[in-house]
Protein chains: 2
Amino acid sequence: MTERAADGTGVRGRRKRPTMLDVAREAGVALRTVSRVVNEDPTVGSHLVSRVQAAISALDYVPDERARQLRRGVTGTIGAAVRNLTDAHPVLGAIDHNAREAGLTVLAMSTEDEEAREREVVTSMCRRRVDGIIIEPISSNHQYLSAEVESGLPVVAVDRPLSGLEADTVLSDNAAGIGTAFRHLVLHGHRRIAYIGDHERIFTGRERAAAFRACVAAHGGPLDGMVHPGAVEPDRVVAALQTALGGPEPATALIAGNAATSIEVLRHLGAEAGRLAIVGFDDFLLADILRPALTVIAQDDAAIGRTAIELLLARGADPTHPVRTVTLPVTLVPRGSGELPPA
Amino acid sequence: MTERAADGTGVRGRRKRPTMLDVAREAGVALRTVSRVVNEDPTVGSHLVSRVQAAISALDYVPDERARQLRRGVTGTIGAAVRNLTDAHPVLGAIDHNAREAGLTVLAMSTEDEEAREREVVTSMCRRRVDGIIIEPISSNHQYLSAEVESGLPVVAVDRPLSGLEADTVLSDNAAGIGTAFRHLVLHGHRRIAYIGDHERIFTGRERAAAFRACVAAHGGPLDGMVHPGAVEPDRVVAALQTALGGPEPATALIAGNAATSIEVLRHLGAEAGRLAIVGFDDFLLADILRPALTVIAQDDAAIGRTAIELLLARGADPTHPVRTVTLPVTLVPRGSGELPPA
DNA sequence: TCCTCTCTAGACAACGTTATCTTACGCAAC
DNA sequence: GTTGCGTAAGATAACGTTGTCTAGAGAGGA
C-alpha cells in the first residue's frame, strides 16, 4: 500500500509522468506548441516560449525518447556488439567517443564470445531499431543478418570479417604485424623463432599463424615444433611453450599471437621471462611495467573505432556504395622483451 | 539515386520495414492476432500460429521495441552510468550479467569522469525511460536527479554515495580495507608506512586517507610526510613518493590508495620496487604477474554488481522502502609486494 | 431447444510524440 | 474596403505496438 501525498510529492511512489499534453494545459497552449518549444522551433513567439518553459520546469517534464523515435523513424543510436564489457576495450571507447561526436548514442552489449549471445544481442539491437551496428564477429555464420543488411541496416565488422555476408569491415594488418615482429627478432639475432597464438578457427588466429609460416619460409628458420595455434588456455600454452623451448634446438624467441597468450606465457615463465625474447601481438595496460617490459605489435585502437564509425555513417548515407574493407597499420613498440639477444 | 528492384530485394536500399499490419495481411488474420503470436499468447489456435509465423519469416518481420515499450510503459532496460567504457570494468560486467539474469538490458554509457557528461548521460537515460539507473557518481551535486527519484525512478549509487540526495548505495568497506592493509604491513615488521592516494575531494580518497590516519594514530607510527592524498598524476605521485622515501626516517612500506596510484608508483620505482613493501587498494589485471607481484586489497566486484541490481529491483518493487547502504567486505590478496620486510 | 459458459479472434482505442494541414491574425498594397 | 500574403499557433493524423472490449462459434447442462 503506497501512502502518498495528494499532489504526489514528498513520498516516493510512481506518480504518472507528465506528458506534453500536461505541459500544454499548464501553459495554456496547444500540444503542438510545446513540441515546438522542446525542439527549439524558431516559429514560436518568445512570450509563449517562456510560458512553456516555465510549465516544463514546474512539472519536471522530460520528453519521451521512445515516442519521439517512433514518430520520427530514426533512433540516433547505434549498437556495438563487443566481446565483453568487463575487460579493457579501447576500441569500444573510441567507438563511443566518435559516435558521440557524430551525435549518436552507443548501445554497447556483450556477446561473451558466444555465438548464441551474439545473435541475441544483435537481434535485440534490431528490435530497438538502431541506426547501425558495429560488431566484433563471433559467429561462424552471419546469414541471420542478411535480411537486415539488405533492407538497409548499416553493419560494420571490426577486427574480423563477417562470414557468409558482405559488409564494411575494419581490420588490423595482421600479416604486416607478424612480419614486423619476425624481422625485429631476426634483426636482434634470432633464427629459431616460435609462435603461440589463437586457434586457426578464429580469423585473426588463422591470419597470424599463416603470416608466421610465411615468414619462416622466407627467412629459412626451422618450422618443426615452432608453430602452435590453439585454444588460449593455460595448459595448452604451457605445453606449446615446453615444446618450443625443449629439444636440442630450442627457440630463442617467441611471438605471442594475442594479449591473452602473452599474459599466459609471462605468467608461466615468471622470472625466466628475461631469457626468452618475446614480441606480443596486441598491446595491453601495464605491458610497459613488466620486467622486461613487453615489446608488442600495437593496433591503432583509436583509428579502428574512428574508421568503424566513418564506414557506418558512409553506409547510412549511401547504401549502394560498394562494400569496403579497411586494413589499418599496426606499430611495433619496442620495450625490452623483443630486443633481448639469443640466450 | 537508389536503384532498386521492384520488390525491394537484391539491392541495398532502405525498404520500409514490415509492420504487424503487413504480417497480418500476409497471413490473412487480424493485427491483434499477430501481436498475440509474437507474444506467445496461448489463446491462438495452432493453425493460425503457424500461418502467422510463416508470414513473419516470409517478410522478415522484426517487432519494433520502441512501440512495444511505449504502449506497455516499461522498457526492460536499466542505465549504467560508469566512468568509462575503455578501461577494464569488472563491476560493469557483473551488472550486465546480473541484469541479464533478471531479464533486463543494460544501457551502459560513459561519464568520462566529467560532471557535465554525467548529467548528460543520466538525462539521456531518463528520456529513454529506463526502469532504473546504476551510477558511479562523479558530480558534487545530484539534486538534478531528485525529481526523477521522487517520482519513483530507482537509482543505485555504486562505489560512492550521491550527494544532496538519498539513494540506495553499494560501497566497499574502505576503512576496513585500509585497516587490513596497515595491519598486514605492521605484521611484517613495518613501522614507517606511507599512503599515496586519490584527492580527498573524492569520496573514496577521503575515506581511505581518513582510515589511514586513524590507523597511524592507533599504531603510533609517524604521520609527518606520510599521507599524500591528491591528483593521480605521474608528477604528483612521484613527488609524494620522494617525500615519503626521502629524509632521515624514510617509509619502508606504502599503501597505494587506488589502482592508478599503484601503477604510477610501480612505473616510477621500476626495478627498485622490490625494496619497498607495497599494498595497493583495488586489484587489477596482471597485478599477479609483476615482480614482486602486487599485494592488493581486492574489492568484490561480482558482489558489488549483484548487490546493485538487487537494490535496484527491490526499489522498483517497493518504492517506499527506506533507503539502504550496503557496505561490502574487501579481501587482502597477498602476492609478495606486501610481505617484503623493512629494507 | 435454449441458455450459459468458454474460448478464439477481431475491432478499436491508447501510449507520447511529430508531420502536415488548416486557421487566425496582422499588415501592406491595390 | 478588399485582397493577398506571411507568420504564429492550433487541429488532426500517424508512427507500431498492446490493453480492453466485443462478437461469434462451439460445448455442455437443464
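Throughout, protein chains are lettered first and strands after them, A, B, ... in sequence-line order, and every chain is numbered starting at 1. Atoms considered below: every heavy atom in the structure, side chains included; atoms not considered: hydrogens, waters and symmetry mates.
- The side chain of B/Met20 approaches D/dT18 more closely than any other nucleotide in the set D/dG16, D/dT18, C/dT17.
- Ionic pairing of B/Arg128 and A/Asp64 is not present here: no N-O contact between side-chain nitrogen and carboxylate oxygen is shorter than 4.0 angstrom.
- For B/Leu21 and D/dT17, the CG to P distance is 9 Å, given to the nearest whole Å.
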**Message:** Checking A/Asp22 against A/Arg17 for the salt bridge (charged side-chain N to carboxylate O under 4.0 Å, His left out) test, could you report, in this order, the C-alpha distance in whole Å, the side-chain angles of both residues, the deciding distance, and whether it holds?
**Reply:** CA-CA 9 Å; A/Asp22 299 316; A/Arg17 276 180 173 282; over 6 Å; no
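- When rounded to the nearest whole Å, the span between CG of A/Asn39 and C1' of C/dG16 equals 13 Å.
- A donor-acceptor pair shorter than 3.5 Å cannot be found between the side chains of B/Tyr61 and B/Gln53.
- Judged by distance alone, with hydrogens and angles left aside, B/Arg36 brings no side-chain donor or acceptor close enough to the base of D/dG19 to form a pair under 3.5 Å.
- Side chains of A/Thr43 and A/Asp41: a donor-acceptor N/O pair is present below 3.5 angstrom, by distance only.
- Of the possible polar contacts, none joining the B/Thr33 side chain to the B/Val29 backbone as a donor-acceptor pair under 3.5 Å is found.
- Side-chain atoms of A/Asp131 come within 3.5 Å of backbone N or O of A/Thr75 as a donor-acceptor pair.
- For A/Leu48, whose side chain is taken as the heavy atoms from C-beta onward, the closest listed nucleotide among D/dA9, D/dT20, D/dT17 is D/dA9.
- Of the residues in residues 24-35 of chain B, those placing a heavy atom less than 4.0 Å from an atom of DNA chain C are B/Val29, B/Ala30, B/Arg32, B/Thr33, in numerical order.
- A heavy atom lying under 4.0 Å from DNA chain D marks the following residues of residues 64-73 of chain A, by number: A/Leu70, A/Arg71.
- With respect to the salt-bridge test (charged N to carboxylate O, under 4.0 angstrom), the residues B/Arg100 and A/Glu120 do not qualify.
- Contact check on B/Glu112 versus B/Arg117 returns no salt bridge, with no Lys/Arg side-chain nitrogen under 4.0 Å from an Asp/Glu carboxylate oxygen.
- Across all strands shown, B/Val38 has no heavy atoms under 4.0 Å from either base or sugar-phosphate atoms.
- Between the CG atom of B/Asp41 and the C1' atom of D/dG19 there is a distance of 12 Å, rounded to whole Å.
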